[in-house]
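We name chains A, B, ... by the order of the sequence lines, and we start the count at 1 in each one.
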Protein chains: 2
Amino acid sequence: MTPTMHDVARVAGVSIKTVSNVINDFPHVRPSTRMRVLSAIEELGYRPNLSARGLRSGRTGVIGLAVPELRQNYFAELADAIIRAAEKHDLGVLVEQTSGDREREIAAVTGAGRLRLTDGLLFSPERLGQDDRDLIQPKFPFVLLGERIFGGPTDHVTMHNVSSAQAATEHLLEIGRRRIAIIGAHPDQREEIRSADLRVRGYKRALGAAGIPVDPQLIRVAAPWHRENGAEAMRDLIASGVAFDGLFALNDTLALGALRALGDAGVRVPDDVAVIGFDDIDEARYSIPSLSSVDPGRQEIAETAVELLVERINEKDGEAIPPLLVKSEFRIVARESTGSTGSS
Amino acid sequence: MTPTMHDVARVAGVSIKTVSNVINDFPHVRPSTRMRVLSAIEELGYRPNLSARGLRSGRTGVIGLAVPELRQNYFAELADAIIRAAEKHDLGVLVEQTSGDREREIAAVTGAGRLRLTDGLLFSPERLGQDDRDLIQPKFPFVLLGERIFGGPTDHVTMHNVSSAQAATEHLLEIGRRRIAIIGAHPDQREEIRSADLRVRGYKRALGAAGIPVDPQLIRVAAPWHRENGAEAMRDLIASGVAFDGLFALNDTLALGALRALGDAGVRVPDDVAVIGFDDIDEARYSIPSLSSVDPGRQEIAETAVELLVERINEKDGEAIPPLLVKSEFRIVARESTGSTGSS
DNA sequence: CGCTAAATATACAACGTTATAAATGCTCTC
DNA sequence: GAGAGCATTTATAACGTTGTATATTTAGCG
């Protein structure tokens, strides 16, 4: 039914290997022969069978991307960026959702699941944490994303959590805020390295540098980082009667929920409370008021991650390059919620 | 390096076909043999090579999903739902972004691109329209999504655009609004069947049934359906001085933009203007005020689409079932923007 | 011209799985 | 306890591509 190389070879009057050579841009093919083959391909509407190619060459041209859920804005935007980046390398992306399920995250790392069809995996965990570091011993090209696990044996692309959180806090300090609350800290103090703790550390560092004491009452727990939890944490904070004039929400989704709760309570933003989030999702530009945020360099993360993965895929067995840790550049985006009138 | 069926067969002391039989749950395998094979698989950490399976069986276990962009909330949620639905059928999903590019949409339909590795394609066009119907002659299992093209030769899953838009408009009428504006109509009147026109038709039908004349000044163009365009259309409408007390935005993104512009202009929602959107994206629940919307049955669309595709994939050549058109059930979700205080 | 070397094309064997058909083993029946 | 008939297992041939080794053609040079 669908034509194969044999059909093309027959029509063009050459051997099937010559067809293969033309398709793979091998050097020594006479222009006239190439022509003949190409027009036969055209005529028959031939397309290579990628399964066969994959079997023979050991490459499928597809990489896997394992994320919690696409309905979370941040991951949708990440997936978008990664698909674009993969495209430049002529790679397809098979998206797997782990739904924040521990077992499924483990399955993804161990290469169970569907991912046997892929040349490598980009993995962004949501449940696995630093304690699970030793689970990450993938037997295939692998790049870790996010900030839940550090020091593993694989390449890792992440952001400057501490310094960008510090910069966000400083942004609030610069506009004169002194009682800066934070929403999104993690309840479980045992667990260490994860975005929440890193960002809280940056917050404390900024306060410390400004000579402002840390008030534990201003550090509010919220997990997971969904809108409702941001709203709830803010309602609690307001109800507690603790005074504050600034808010650093550990991600934009929390910030949007908090914005909602502030609005409900009649608190004016940024007049009474200035707010900054983290992630710079599209939505931040359009909320009321528009939300200041930290752009963690998502595009750069995506491109770097794909490039690293491609390198690992192409790596010869011998030349084991040690695992790389790459951090992308961040940038503070000031909008209305911290008193900026610009329309970025 | 990675073990193959031969290795498993050797360890288990059976033939390779028996291993295959165990893996594929073939009926006639003695329990004791099955045990032996399974433990050999376990011991070696064997995983089937999907390329080889794909080559031999003609199935890859992967379907393609072509959407404009995941960063558009609606498509992220659609992709999320589709990946979940595909999982139930043990299928992976390769996501391709067409970026609203005509050529890329055509490439997707004609099966160019990476999609040769897939068993079938779910396609949600953004540029191709009714005029391009004849381009859709896919030579592989295919299900069309959305409402840009009708009457094609393939299965098609879509929503009740007219009646749900009518219901949305009626919802505004029921709370006493009489001057109902609409945002998101398409500028080009030549092109016919597409969400915008269908939804405008439902709007007109509702007004007609209520004996209210259609005021063309209340029908505002906006395209594409992004937040900025919703905001801009609303600013124009306000600036025009035309009186209105209700707004039906043709999707939630437009509505959120409009909400923003209304807020900026000091118009109270829902007191001065009641607003309803369309799509019921997650975000609608958390805007200020929360946004009433039409839930078009996204989950149902996703599940139906995958099921239809699976049926087409399994279809024997002879039994050509005629193309099916399926419309999912919708539901009006009333929130604050139309005066509802419930917290749905 | 004739010889060598390079350029070009070929035949055939993989890759790891599943399908086919045939072989073997087992359980009945009479 | 022999043959029928089914359950179980196997050997072997595909699937469509690319790599290797080899054959053939063309070009270069003295």
Side-chain angles (χ1 to χ4, degrees), chain A residues 1-38 40-41 44-62 90 111 114-119 140 314 316, chain B residues 1-38 40-41 44-62 90 111 114 116-119 140 313-314 316:
Chain A
M1 336 201 267
T2 51
T4 86
M5 269 193 175
H6 286 90
D7 302 316
V8 176
R10 195 164 24 72
V11 170
V14 297
S15 81
I16 114 178
K17 185 66 221 274
T18 298
V19 177
S20 172
N21 287 343
V22 169
I23 287 173
N24 294 290
D25 277 328
F26 273 16
H28 304 301
V29 177
R30 194 171 318 178
S32 64
T33 317
R34 179 184 303 277
M35 273 318 204
R36 218 145 25 98
V37 170
L38 287 177
I41 288 177
L44 296 173
Y46 167 79
R47 317 240 117 226
N49 177 322
L50 297 192
S51 284
R53 174 178 296 175
L55 172 57
R56 181 62 241 226
S57 65
R59 297 278 181 78
T60 61
V62 176
D90 253 304
R114 172 160 347 290
L115 299 166
R116 199 64 214 299
L117 193 63
T118 58
D119 294 337
F140 42 84
N314 292 332
K316 303 282 182 293
Chain B
M1 340 202 269
T2 52
T4 84
M5 269 194 174
H6 285 91
D7 301 316
V8 176
R10 195 164 25 73
V11 170
V14 297
S15 80
I16 120 180
K17 183 67 223 261
T18 298
V19 178
S20 171
N21 287 342
V22 169
I23 288 174
N24 294 286
D25 276 329
F26 273 16
H28 305 301
V29 178
R30 195 171 314 173
S32 64
T33 317
R34 178 185 304 277
M35 273 320 202
R36 221 148 18 99
V37 170
L38 287 177
I41 287 178
L44 296 174
Y46 166 79
R47 315 242 118 227
N49 177 321
L50 298 192
S51 284
R53 175 178 292 175
L55 172 57
R56 180 61 240 218
S57 66
R59 296 279 181 78
T60 61
V62 175
D90 253 304
R114 170 157 351 286
R116 198 67 212 299
L117 194 64
T118 59
D119 293 337
F140 44 84
I313 291 172
N314 291 332
K316 304 281 181 296

Undergrad: Starting at atom CG of A:Asp25, determine the distance to atom P of D:dT18, rounded to an integer number of angstrom.
TA: 12 Å
Undergrad: Between C:dT18 and B:Ser20, is there an OP1 or OP2 to side-chain N/O distance shorter than 4.0 Å?
TA: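 Looking at the OP1 and OP2 atoms of C:dT18, one of them is under 4.0 Å from a side-chain N or O of B:Ser20.
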Undergrad: Mind calculating the distance between CG (A:Asn24) and P (D:dG19) to the nearest angstrom?
TA: 7 Å
Undergrad: The test is side chain to side chain contact (heavy atoms under 4.5 Å, CB included); show your working for B:Leu117 and B:Val62 and say whether it passes.
TA: CA-CA 7 Å; B:Leu117 194 64; B:Val62 175; 5.9 Å; no
Undergrad: Which value, rounded to the nearest 0.5 Å, describes the distance between B:Thr2 atom OG1 and B:Tyr46 atom OH?
TA: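 Rounded to the nearest 0.5 Å, the OG1-OH separation comes out at 9.5 Å.
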Undergrad: Measure from CG on B:Leu50 to P on C:dT17 and round the result to the nearest Å.
TA: 9 Å
Undergrad: How long is the gap from CZ on B:Arg53 to CG on A:Leu55, to the nearest 0.5 Å?
TA: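 That separation rounds to 13.0 Å.
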Undergrad: Taking the axis from the first five pairs and the axis from the last five, what angle separates them in the helix from C:dC1-D:dG30 to C:dC30-D:dG1, rounded to 10 degrees?
TA: 40°
Undergrad: Nearest 0.5 Å, please: how far is CZ in B:Arg59 from CG in B:Asp119?
TA: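 The CG atom of B:Asp119 sits 6.0 Å away from the CZ atom of B:Arg59.
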Undergrad: Partners of B:Leu38 by side chain to side chain contact (heavy atoms under 4.5 Å, CB included), sequence neighbours excluded?
TA: B:Val22, B:Arg34, B:Ile41
Undergrad: In whole angstroms, how far is the C1' atom of C:dG16 from the CD1 atom of B:Ile23?
TA: 11 Å
Undergrad: Looking only at heavy atoms, what is the nearest atom pair of B:Thr33 and B:Val14, with distance?
TA: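 The answer is CG2-CG1, 4.0 Å.
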Undergrad: Tell me, for nucleotides 9-16 of chain D in 5' to 3' order, what letter each nucleotide earns: B for a base near a protein heavy atom under 4.0 Å, S for only sugar-phosphate near one, - for neither?
TA: SBB-BBBB
Undergrad: Would you compute the distance between atom CE of A:Met5 and atom NZ of A:Lys17 and round it to the nearest 0.5 angstrom?
TA: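 Output value for this atom pair is 9.0 Å.
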Undergrad: Working to the nearest 0.5 Å, report the span between OG1 of A:Thr18 and NE2 of A:His28.
TA: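 Answer for the OG1-NE2 pair, A:Thr18 versus A:His28, is 13.0 Å.
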